[in-house]
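If you scroll down you'll find the structure; I have some questions about it.
Just so you know, these numbers come straight off a predicted model, no measurement behind them. Throughout, protein chains are lettered first and strands after them, A, B, ... in sequence-line order, and every chain is numbered starting at 1.
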Number of protein chains: 2
Amino acid sequence: MSVIAVINHIREIRRKKGITQIKMAEDLQVTRQTMNAIEKNKYNPSLELALKIIAYFEMPIEQVFILEEEDDE
Amino acid sequence: MSVIAVINHIREIRRKKGITQIKMAEDLQVTRQTMNAIEKNKYNPSLELALKIIAYFEMPIEQVFILEEEDDE
DNA sequence: AAACAACGTAAAGATATCTTTACATATAGT
DNA sequence: ACTATATGTAAAGATATCTTTACGTTGTTT
């Protein structure tokens, strides 16, 4: 069996930009728990939040979110 | 008040490509009711489904999904 | 050591996304 | 008129996304 999953590089990008989870959550108008859960891949952001994130980072979506094919997970 | 909303151009793109809702739903492994609801902007796709859709169309995300700022809706 | 900032996490509840089943409408072809 | 294909829609239920509240850990600074 194979499973499709989305992973993200938010944490690395955020840190590279020197932004805290708290500030980013405030800027994007979500709670820091939400940002934390998304960074730790506990669940995916909604499309709306994902679009806000790539706009916030000013980066193409492929550099932030990856649609991955995994095996047996 | 202002509201952020995501709209999409899936229907136009799909028709331009001559694909039916039914075939697209099968190819993307969702129900046609889901594709119908998304096309009619009843709700947004998940990020995972959105990424599958732009891969399916082979188009950049900005040409399919638009993050819009609306007034008082 | 005490204080502070950033991050981790958990549980309960609200709303959004998606499936299944079912029925209905519209259009085209025979 | 009948059949087939594509699309619209609704209701019930499952799971995902996100908030609120709350408490815990880690590292840094004074």
Side-chain angles (χ1 to χ4, degrees), chain A residues 1-57 59 61-62 64-73, chain B residues 1-57 59 61-62 64-73:
Chain A
M1 259 292 286
S2 77
V3 180
I4 305 287
V6 179
I7 62 144
N8 72 75
H9 297 137
I10 294 174
R11 170 150 306 184
E12 309 134 65
I13 297 166
R14 176 179 62 76
R15 287 196 168 143
K16 200 168 294 178
K17 289 179 179 279
I19 303 166
T20 66
Q21 263 186 11
I22 294 169
K23 170 153 179 43
M24 181 157 170
E26 283 168 354
D27 289 341
L28 295 179
Q29 313 215 65
V30 293
T31 64
R32 72 182 181 79
Q33 286 82 346
T34 294
M35 284 312 307
N36 189 276
I38 291 169
E39 282 194 355
K40 306 210 95 184
N41 282 288
K42 302 212 172 172
Y43 49 75
N44 296 321
S46 65
L47 176 58
E48 179 179 325
L49 180 50
L51 291 175
K52 287 180 186 169
I53 290 168
I54 65 173
Y56 186 70
F57 284 159
M59 291 178 75
I61 195 165
E62 314 84 56
V64 184
F65 298 101
I66 318 286
L67 189 57
E68 278 201 341
E69 172 118 15
E70 295 174 355
D71 288 322
D72 235 320
E73 191 194 338
Chain B
M1 259 291 289
S2 77
V3 179
I4 305 287
V6 180
I7 61 142
N8 72 74
H9 296 138
I10 294 173
R11 169 151 305 184
E12 309 133 65
I13 298 166
R14 174 179 63 76
R15 287 196 167 142
K16 200 167 296 177
K17 290 179 179 279
I19 303 167
T20 67
Q21 265 185 12
I22 295 169
K23 169 152 178 45
M24 182 158 169
E26 283 168 354
D27 289 341
L28 295 178
Q29 313 215 62
V30 292
T31 64
R32 73 182 180 80
Q33 286 82 347
T34 294
M35 284 310 310
N36 189 275
I38 291 169
E39 282 194 355
K40 306 210 97 184
N41 280 288
K42 304 214 171 167
Y43 49 75
N44 295 321
S46 65
L47 176 58
E48 179 179 327
L49 181 50
L51 291 175
K52 288 181 187 169
I53 290 169
I54 64 173
Y56 185 71
F57 284 159
M59 290 178 77
I61 195 165
E62 315 83 55
V64 185
F65 298 102
I66 318 286
L67 188 58
E68 278 201 342
E69 174 118 14
E70 294 175 356
D71 289 321
D72 235 321
E73 192 194 337

Q. Starting at CG of A/Asn8 and ending at P of D/dT17, how long is that distance when rounded to a whole Å?
A.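 A/Asn8 atom CG is separated from D/dT17 atom P by 12 Å.
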
Q) Between A/Glu12 and A/Lys16, is the closest basic N to carboxylate O distance under 4.0 Å? A)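 Between A/Glu12 and A/Lys16 there is no salt bridge, as every charged N stays at least 4.0 Å from the carboxylate O atoms.
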
Q.
Taking the side chain as everything from C-beta on, heavy atoms only, tell me whether A/Thr34 gets closer than 4.5 Å to A/Leu28.
A.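 The answer is no; the side chains never approach within 4.5 Å.
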
Q) The side chain of B/Gln21 lies closest to which of these nucleotides: C/dA6, C/dT9, D/dG8? A)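 Looking only at heavy atoms from C-beta outward on B/Gln21, the closest nucleotide is D/dG8.
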
Q: Have a look at B/Ser46 and say if it touches a base, only the backbone sugar-phosphate, or nothing, with a 4.0 Å heavy-atom cut-off.
A: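 Sugar-phosphate contact only.
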
**Q.** DNA chain C: 5'-proximal contact among B/Tyr43 and B/Arg32 (nearest heavy atom)
**A.**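 Here B/Tyr43 is the residue nearer the 5' end.
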
Q. Under 3.5 Å, is there an N or O donor on one side and an acceptor on the other linking the side chain of B/Gln33 and the base of C/dT21?
A.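 In this structure, the two groups form a donor-acceptor pair.
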
Q: Determine the contact category for A/Lys23: base if any of its heavy atoms lies under 4.0 Å from a base atom, sugar-phosphate if only primed atoms, P, OP1 or OP2 are that close, otherwise nothing.
A: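 Here A/Lys23 touches no strand at all.
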
Q: May I have the distance from A/Met24 (atom CE) to D/dC18 (atom P), rounded to whole angstrom?
A: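 So the two atoms are 12 Å apart, to the nearest Å.
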
Q) Are side-chain heavy atoms of B/Leu47 and A/Asn8 found at a separation under 4.5 Å? A)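 Of all side-chain heavy-atom pairs linking A/Asn8 with B/Leu47, none is under 4.5 Å.
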
Q.
Can a donor-acceptor pair be found, under 3.5 Å and without considering hydrogens, that links the side chain of B/Arg14 to the backbone of B/Ile19?
A.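 Present.
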
Q) With a 4.5 Å limit on heavy-atom distance, are the side chains of A/Met24 and A/Ile10 in contact? A)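 Yes, at least one pair of side-chain atoms sits under 4.5 Å.
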
(Q) Using a 4.0 Å heavy-atom cut-off, does B/Arg14 contact any base of the nucleic acid, only the sugar-phosphate backbone, or nothing at all? (A)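 Since only primed, P, OP1 and OP2 atoms lie under 4.0 Å of B/Arg14, the category is sugar-phosphate.
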
(Q) Rounded to whole Å, how long is the line connecting atom CD of B/Glu39 with atom P of C/dT17? (A)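 In whole Å, C/dT17 P lies 16 Å from B/Glu39 CD.
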
**Q.** For atom CD1 of B/Ile10 and atom P of D/dG8, their distance in whole Å
**A.**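 Taking CD1 of B/Ile10 and P of D/dG8, I get 13 Å after rounding.
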
Q: Quickly work out the A/Ile22 CD1 to C/dG8 C1' distance and round it to whole Å.
A: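 The answer, rounded to whole Å, is 12 Å.
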
Q: Under 4.0 Å between any heavy atoms, over every strand shown, what does A/Thr34 touch: base, sugar-phosphate, or nothing? Just pick one.
A: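 Touches a base.
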
Q) What's the CG-C1' distance between B/Asn44 and C/dT15, to the nearest Å? A)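 For the pair B/Asn44 CG and C/dT15 C1', the rounded distance is 13 Å.
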
Q | A/Lys42 side chain near C/dG8 phosphate (N/O to OP1/OP2, under 4.0 Å) | A |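 Answer no for this pair, as no side-chain N or O of A/Lys42 is under 4.0 Å from OP1 or OP2.
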
**Q.** Nearest-neighbour nucleotide for the B/Pro45 side chain, C/dC18, C/dC7, D/dT19 considered
**A.**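 From the listed options, C/dC18 comes nearest.
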
Q) Checking all strands, does B/Arg11 fall into the base, sugar-phosphate, or nothing category for heavy-atom contacts under 4.0 angstrom? A)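 The answer is sugar-phosphate, as B/Arg11 gets under 4.0 Å only of primed atoms, P, OP1 or OP2.
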
Q. Would you say C/dC18 has OP1 or OP2 under 4.0 Å from some side-chain N or O of B/Thr31?
A.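 It does not, given that no N or O in the side chain of B/Thr31 lies less than 4.0 Å from OP1 or OP2 of C/dC18.
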
(Q) Does D/dT7 have its OP1 or OP2 closer than 4.0 Å to a side-chain nitrogen or oxygen of B/Asn36? (A)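 The answer is no; no side-chain N or O of B/Asn36 sits under 4.0 Å from OP1 or OP2.
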
Q: Measure from CG on A/Leu49 to C1' on D/dT17 and round the result to the nearest Å.
A: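 In whole Å, D/dT17 C1' lies 10 Å from A/Leu49 CG.
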
Q) Whole-Å distance between C/dC18 P and B/Lys40 NZ? A)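 Spelled out: NZ on B/Lys40 to P on C/dC18 is 18 Å.
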
